[in-house]
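Down below is the structure, laid out as structure tokens.
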Amino acid sequence: MSAPAHASGGASRAAGNRYRPEIQGLRAVAVVLVAAYHIWFGRVSGGVDVFLLLTGFLITGSLVRGLERDGTVGFPAFLARLVRRLVPAAAVVLAAVLAAAPFLLPGSQLQATADQVFASALYFENWHLALNAVDYMAQNSAASPLQHFWSLSIQGQAYLLWPPLVAAAALVAARLGVGVRRALPVALASVFAGSLAYSVYITAADQPWAYFDTGARLWEPALGGLLALLPPALALSGRVRAVLGWIGLSALVLCGALMDVSTLFPGYIALWPTLAAALVILGGGSDRSWGADRLLSWGPVTRLGDLAYALYLWHWPVLVFYLQVTGREVAGPLGGCLVLALSVLLAAATKALVQDGMVRLQRAPRGRLWSLSAAAAALVPVVAASSVWSVQLAHESRERLQRAEAASGQARYPGAAVLDDPRVAETTPRAPVLPAPADAKADQNLAYQDGCHASLEETEAVVCEYGPESAEHTVALVGASRSAHWFAALWEAAQANGWRVVSLTKSGCQFSTDPPTRDGEPFPECVQWRAGAMTELDRLRPDVVLTSSTRATHAGERVQPGFLERWRQLDAMGVDVIGIRDVPRIDFEGAECVEANGRDGCASPESWSHAATDPAQGRSDVPANVELIDLTEYVCPDGRCPAVIGNVLVYWDHSHLTATYSRTLAPMLEERVREAAGW
């Protein structure tokens, strides 16, 4: 992960150039924690934060020594060394993932993998994942074999920021007539304070985004840089160093065990592993046989530290591919040992053939341009291949979806009609599933395609209107994404009857008056959207609002009190409501399960998230302007929710209907809307 420890600078010997083997040992501990927690516990450990701290510690010392020696930061030489050391090994892993993905991953993951290869190769994978972390429709997607590149991307971005930072500090120091070691700590302290404050704020406001945000992580390499610049006068006895080393090492090992790092970091809690690592560094050079630095300097540990970068690169894709091939959710004791052993072997081969090979070439009399060219020769083919593959996959997906939409009206793809008419079920031949699992996520209704559905972060109540302005009846579809997936059915029915349809939906935001939350935290974007939605409905005054009447979750199904209050508000506006019962959630991801187990191998009991009867029916407090409808029987017949009905994929994930299946529900929805509205 971080630069080799040979580019050293002691905590109390910052001006020195002494090799500190305990730094390699610390890298070994960090990578073992990362790999072990990923493989056996399915969580993160704080080890990545150690790598970020070491990044700042090592490159700050290296840049300052170069500045003091040569009078310049020497950015071209720094960049040349950097790409020689980091890029070829990363390119090998990315190329391996690119080659293996079509054979080892389900088709539904290929587009995301191609996009992530591209993002990882250009060191912006963290931002790619941050955008997906706030994409409601991607929250339940399977783990990517490259998502661990987020931290490498942040490191790469830090590597580019640090030389200008050091150069600016040197310029200020020269004008003030002081040494760079007096000016740079001020700059680093400013980065540390600003980034940490932002990290605390953004982690509290939006932790999934903060986890990948470079700004929320820069304080960690800044802390490492401050550690590298500690003055030589900071004299600590050997006994104190030994004690500090053991305190730091113990705290580091316990961090992931005592905290669910993935849901809490970065924020102030990330000070735990970074300060623990800082104590280990301060504890170096204790000259005590019982010191932690003696253990970390032990030959086998430092050799493992030499493999840390390559092992980090390999362990995650090996784990993801293993779980995919075996169909397991966790590796287990023996499987985990196999994953770790294979990862170590691949890491050793990568270090010997690629990393050490580049070092040998580096010693040859070649210039910086050659180094950059060699790195480009490794990376450019990966970038080009991933780009071409991504475009090809997107094109093929669009073509398949177009064929699926055309075919969905044919006799081979009746979808829900097989449940409505036994004769249709008897005469429907078995046919390939539509949409294909690989295309299921992209099988979106017209409102999504037109940008009418507000994302989690958006606050504007986006209104899209479809159908003739002179229509006799107007139906407004309002609510969260599990209301929005009825749009395809409603629009089919509307076109057949000349109705006007208004789409007004937002991810994760129930059409309710209850205080909205997101991941247990307040959801202000939803509050603003709801206010805007009510303003729009007051302006439009549709004949009827179609919205969810229940909320089905893993904890059961209920009518939220805020639903009733919202219906009363609409009643006061003179707007009728048709409440449609929430469809059951299923205990698998629809597209992925079908791809892995076949169309007949995926079904979930309706009772997993549904009540025995519709909890909205029979309530005395349901306002008079509300009629209730229920189409559950056409999604989960006989209490069982299959992945495929009438050759059509029902759910694309664990809770949302595909647009193709929704369209097949149009006749049933039309009948119930007509009856409920009295049309």
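Just so we're clear, the structure is a prediction, and the values are computed from it rather than from any experiment.
- Shortest non-hydrogen contact noted between Val644 and Val594 is CG2-CG2, 4.1 Å.
- In this structure, Phe118 and Phe124 have perpendicular ring planes: the angle between them is above 60°, well past the 30° mark.
- Ion pair Arg640/Asp638 not flagged as a salt bridge, since none of the NZ, NE, NH1 or NH2 atoms sits closer than 4.0 Å to an Asp/Glu carboxylate oxygen.
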| task | Mind running side-chain contact (heavy atoms from CB on, under 4.5 Å) on Leu570 and Asn625 for me, showing each step along the way? | result | CA-CA 8 Å; Leu570 292 174; Asn625 67 320; 4.3 Å; yes

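- Between Glu675 and Arg672 there is no salt bridge, since no side-chain nitrogen of the basic residue lies less than 4.0 Å from a carboxylate oxygen of the acidic one.
- Trp209 and Trp127 have tilted rings, their planes meeting at an angle from 30° to 60° on a 0 to 90° scale.
- Here the shortest heavy-atom pairing between Pro637 and Ile645 reads CD-CD1, 4.2 Å.
- More than 12 non-hydrogen atoms from other residues, nucleotides or ligands lie less than 6.0 angstrom from CZ of Arg539.
- Of the possible polar contacts, none joining the Asp439 side chain to the Ala442 backbone as a donor-acceptor pair under 3.5 Å is found.
- Between Arg551 and Asp514, no side-chain nitrogen of the basic residue sits less than 4.0 Å from a carboxylate oxygen of the acidic one, so the salt-bridge criterion is not met.
- Under a 3.5 Å cut-off, the side chain of His453 and the backbone N or O of Tyr448 do not form any donor-acceptor pair.
- Judged by distance alone, with hydrogens and angles left aside, the side-chain atoms of Asn647 form a donor-acceptor pair with the main-chain N or O of Arg412 at under 3.5 Å.
- With hydrogens and angles left out, the side-chain atoms of Ser483 and Ser548 include a donor and acceptor closer than 3.5 Å.
- Atom NE2 of His395 is surrounded by 12 or fewer heavy atoms from other residues, nucleotides or ligands within 6.0 Å.
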| request: Could you go through the side-chain contact (heavy atoms from CB on, under 4.5 Å) check for Trp499 and Glu670 one step at a time? | output: CA-CA 11 Å; Trp499 300 340; Glu670 175 188 348; 4.2 Å; yes

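- Contact record, Gln111 with Ser390: NE2-OG, 2.8 Å, taken as the closest heavy-atom pair.
- Counting only heavy atoms from C-beta outward, the side chains of Asp543 and Asp576 never approach each other to under 4.5 Å.
- Side-chain contact between Arg663 and Val648 is absent, with no heavy-atom pair separated by less than 4.5 Å.
- Two rings, from Trp491 and Tyr466, have their centers less than 6.0 Å apart.
- Using a distance-only test at 3.5 Å, with no hydrogens or angles considered, a donor-acceptor pair links the side chain of Asp443 to the main chain of Ala659.
- Taking all atoms of both residues into account, the shortest heavy-atom contact from Ser507 to Leu456 is O-CD2, 3.4 Å.
- When atom types are taken as modelled, the side chain of Asp614 and the backbone of Asp630 share no donor-acceptor pair closer than 3.5 angstrom.
- In terms of modelled atom types and a separation under 3.5 Å, the side chain of Ser604 and the main chain of Cys641 share no donor-acceptor contact.
- Residues passing the side-chain contact (heavy atoms from CB on, under 4.5 Å) test with Ala416, sequence neighbours excluded: Tyr634, Tyr661, Thr664, Leu665, Met668.
- The environment of Tyr198 atom OH is dense: over 12 non-hydrogen atoms of other residues, nucleotides or ligands sit within 6.0 angstrom.
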| said: Please evaluate residues Gln510 and Arg530 with respect to the criterion side-chain contact (heavy atoms from CB on, under 4.5 Å), reporting the C-alpha separation (whole Å), side-chain torsions for both, the decisive distance (0.1 Å), and the verdict. | reply: CA-CA 9 Å; Gln510 305 302 314; Arg530 287 175 176 177; 4.2 Å; yes

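- Using a cutoff of 4.0 Å between basic side-chain nitrogens and carboxylate oxygens, Glu592 and Lys441 are not scored as salt-bridged.
- With hydrogens and angles ignored, the 3.5 Å screen pairs no side-chain donor or acceptor of Arg568 with any backbone N or O of Pro623.
- The backbone N or O of Phe212 lies less than 3.5 Å from a partner atom in the side chain of Asn126, making a donor-acceptor pair.
- The aromatic rings of Tyr211 and Trp150 sit tilted, their planes meeting at an angle between 30° and 60°.
- Judged by distance alone, the side chain of Arg619 and the main-chain N or O of Ala616 form no donor-acceptor pair under 3.5 Å.
- The neighbour count for Gln569 CD, taken as heavy atoms of other residues, nucleotides or ligands under 6.0 Å away, is above 12.
- The minimum heavy-atom distance linking Cys509 with Trp529 is given by the pair SG-CE3, 3.6 Å.
- Salt-bridge formation is detected for the pair Glu557/Arg581: a Lys NZ or Arg NE/NH1/NH2 atom is positioned less than 4.0 Å from an Asp or Glu carboxylate oxygen.
- Contact record, Ser120 with Phe149: OG-CB, 3.4 Å, taken as the closest heavy-atom pair.
- Shown here are the ring-ring contact (aromatic ring centres under 6.0 Å, His included) partners of His38, two or more places apart in sequence or in another chain: His315, Trp316.
- No hydrogens or angles considered: nothing links the side chains of Thr550 and Asp582 as a donor-acceptor pair under 3.5 Å.
- Using modelled atom types, no side-chain atom of Ser397 and backbone atom of Leu393 make a donor-acceptor pair closer than 3.5 Å.
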